[in-house]
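Before any comments, here is the structure.
Throughout, numbering of the chain's residues begins at 1 and tracks the sequence. When a ligand or atom number is given, it counts from 1 through the structure's own listing order. Heavy atoms only: backbone and side chains are in, while hydrogens, waters and symmetry mates are out.
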Amino acid sequence: MAFAAADEGQVQSRMQSDEQGNTSPFAPGLLGANPDLGPGLGADRCAGEETWKRAVAYTREKSPASFDQWFSGVQFDGLTDGVLSLRARDEFVRQWVEDYFLPTLSEQLRNETGLSIQVRWSIDGSLERPVADRPSTYPPVKPRPLSVRPAPVDAPAAPASAASPRSASAPATSTRLAVVPPHLEGLNAKYTFGHFVVGPSNQLAHAASMAAAGDGGRRHNPLFICGGTGLGKTHLVHAIAHRVREERPETRIVYISAEKFVNEFVQSLADQRMHDFRARFRDRCDLLLVDDIHFLAGKTQTQEEFFHAFNALHQASKQIVVTSDKYPQQLDKMEERLVSRFQWGLVADVQAPELETRVAIIRKKAQFEHIDVPDDVCLFVAQSVRSNVRELEGTLIRLAAKASLLNVPIEIGFARAEIAATGMTKPNEASVEDIQRVVCHHFKLRSTDLLSKDRHKSIAFARHVAMYLCKQRLKCSFPELGRAFGNRDHTTVISAVRKVEALRTSDPEVRAHLEALERKLGTVD
Ligand code: ADP
Ligand code: MG
């Protein structure tokens, strides 16, 4: 068992600031996990365990779906004198639980004990008594690279910048408090990791963003976050900036939308201030965050400039994060050398969230905005608005505004009537992305696999099945489908569709897969 000692300073300090700044040090001899506890302390331990169980029950009730998933990787080791000892299967689980469950848990514990709660974590790969023993439906995934070319191996693993894991480089709390990070234009204060709901649809992008912010886990450079509109890409990029500002205020962060990059580039050219422009993006930058990179499409001169900035930063091992509404290989009018660089690190997609995640997002938003929304309304809204988180949030805010105007509670009848009146409820119209998502989920692949050049038998089969289902269900031409599947030739799609059609009649296993997938698509979620 190894204590996550280097991280403890941060864990404690974060909990402390959450918990009204109590600074009492740990008392190692009082940890509940100690088997040599005397009778008095043993009684304390039992009381601590009971308190812990009540807090767990409360927290589990709030998010039953993901609680067991994550707490199957956590063990309770004791609660004594406000010190909660937890053991996590690995750093990834620790981080997740800390971000998403500890605020609620520790608030409950504080209410019960009247003490400010400090958490002492340890990391242990083999837990004997996990808090939850239900195996998770979606096991926590660690970022895995989809690189066509690995990042240079001789690059330093972690520069003294945003890229360094917290444990390695974060200065002591007192030093951190002394440095005030400069104002960063355009950051939305609400877009933090704490406000981001994680589910299977965005798990990888979220984990990779945390790693890019230096929160541990393997760091990928660049991190390319892609997906449809309103699915949280900008939120994640802002969250990286917030986290780095909080943890390493000395880091020079440049956050810019690609559109602004273009405008500033053009203006700098006109004003003959290119030297300054270059220095800003190449020399005076430790972390570059560029939102909506697809905006560079067709802008060759700006692409060239961006290419050089990218190279300079990458060579200096400075973290680069970009977002895009398309996968790199689908970016039109983008120089090949840029497209290939975007694939050097990790391409992490965000998909439309699943029902459970949508419910959790509504709950979180309602909590944040102090809107009282019953569970059945949360569910109804989540079922009515499927594809876009921005729309989901907008629906909740509209309901709340209308209810307040009419001075009525938000209850299910009201919500139904309002949503029907605004025509929000959509028929089950799947898109290519929906089909790809369902197929990937069914075969336990990621959608990037379907678009990749990977010819591994199982991936190729899933790809063919997805193409077949798209052709069956959507009004797409073969060339359109080819483009939607990683820019493949239309003849590839034709032969895939024929192959699956033939297998459907000759192979019962294939038929079973297709029927299962059709059932899933029939109900979209
Ligand atoms: P994108 O950049 O992908 O178009 P945004 O990041 O602007 O989307 O997200 C749109 C809205 O939805 C924002 O208000 C954001 O906070 C919210 N949002 C998206 N995904 C999530 C999520 N997983 N959890 C909480 N809020 C989310
Ligand atoms: Mg955005």
* Cut-off under 2.8 Å, centre the Mg ion (ligand 2), protein N/O/S atoms -> T234 OG1

* Honestly, is K299 close enough over F295, meaning NZ or CZ under 6.0 Å from the six-membered ring centre and within 45° of the axis? -> yes

* Do E246 and H242 have side-chain atoms, one donor and one acceptor, less than 3.5 Å apart? -> no

Show me the short polar-atom pairs for ligand 1: any N or O of it lying under 3.5 Å from a protein N or O, with distances only.
unit_1	atom_1	unit_2	atom_2	d
ligand 1	2 (O)	T234	N	2.9
ligand 1	2 (O)	T234	OG1	2.8
ligand 1	3 (O)	L231	N	3.1
ligand 1	3 (O)	G232	N	3.1
ligand 1	3 (O)	K233	N	2.9
ligand 1	3 (O)	K233	NZ	2.7
ligand 1	4 (O)	G230	N	2.6
ligand 1	4 (O)	R390	NH2	3.2
ligand 1	6 (O)	K233	N	3.4
ligand 1	6 (O)	T234	N	3.1
ligand 1	6 (O)	H235	N	2.8
ligand 1	7 (O)	R390	NH2	2.8
ligand 1	8 (O)	L231	N	3.4
ligand 1	8 (O)	G232	N	3.1
ligand 1	14 (O)	Y191	OH	3.4
ligand 1	14 (O)	E393	OE1	2.8
ligand 1	16 (O)	H235	ND1	2.7
ligand 1	23 (N)	V197	O	2.8
ligand 1	23 (N)	N202	ND2	3.3
ligand 1	24 (N)	V197	N	2.8

* Just by modelled atom types, is the I320 backbone N or O under 3.5 Å from a matching donor or acceptor in the N221 side chain? -> yes

* To do: Please check if atom NZ in K402 has more than 12 non-hydrogen atoms from other residues, nucleotides or ligands closer than 6.0 Å.
  => no

* Would you say the side-chain atoms of T192 pair up with the backbone N or O of A239, donor to acceptor, closer than 3.5 Å? -> no

* E354 side chain to T357 side chain, donor-acceptor N/O pair below 3.5 angstrom -> yes

* In this structure, are over 12 heavy atoms from other groups packed under 6.0 Å from K453 atom NZ? -> yes

* Asked: Does one side chain, of N311 or R282, offer a donor that lies under 3.5 Å from an acceptor on the other?
  -> no

* Asked: Can you find a heavy atom in the side chain of V254 that is under 4.5 Å from one in the side chain of R280?
  -> yes

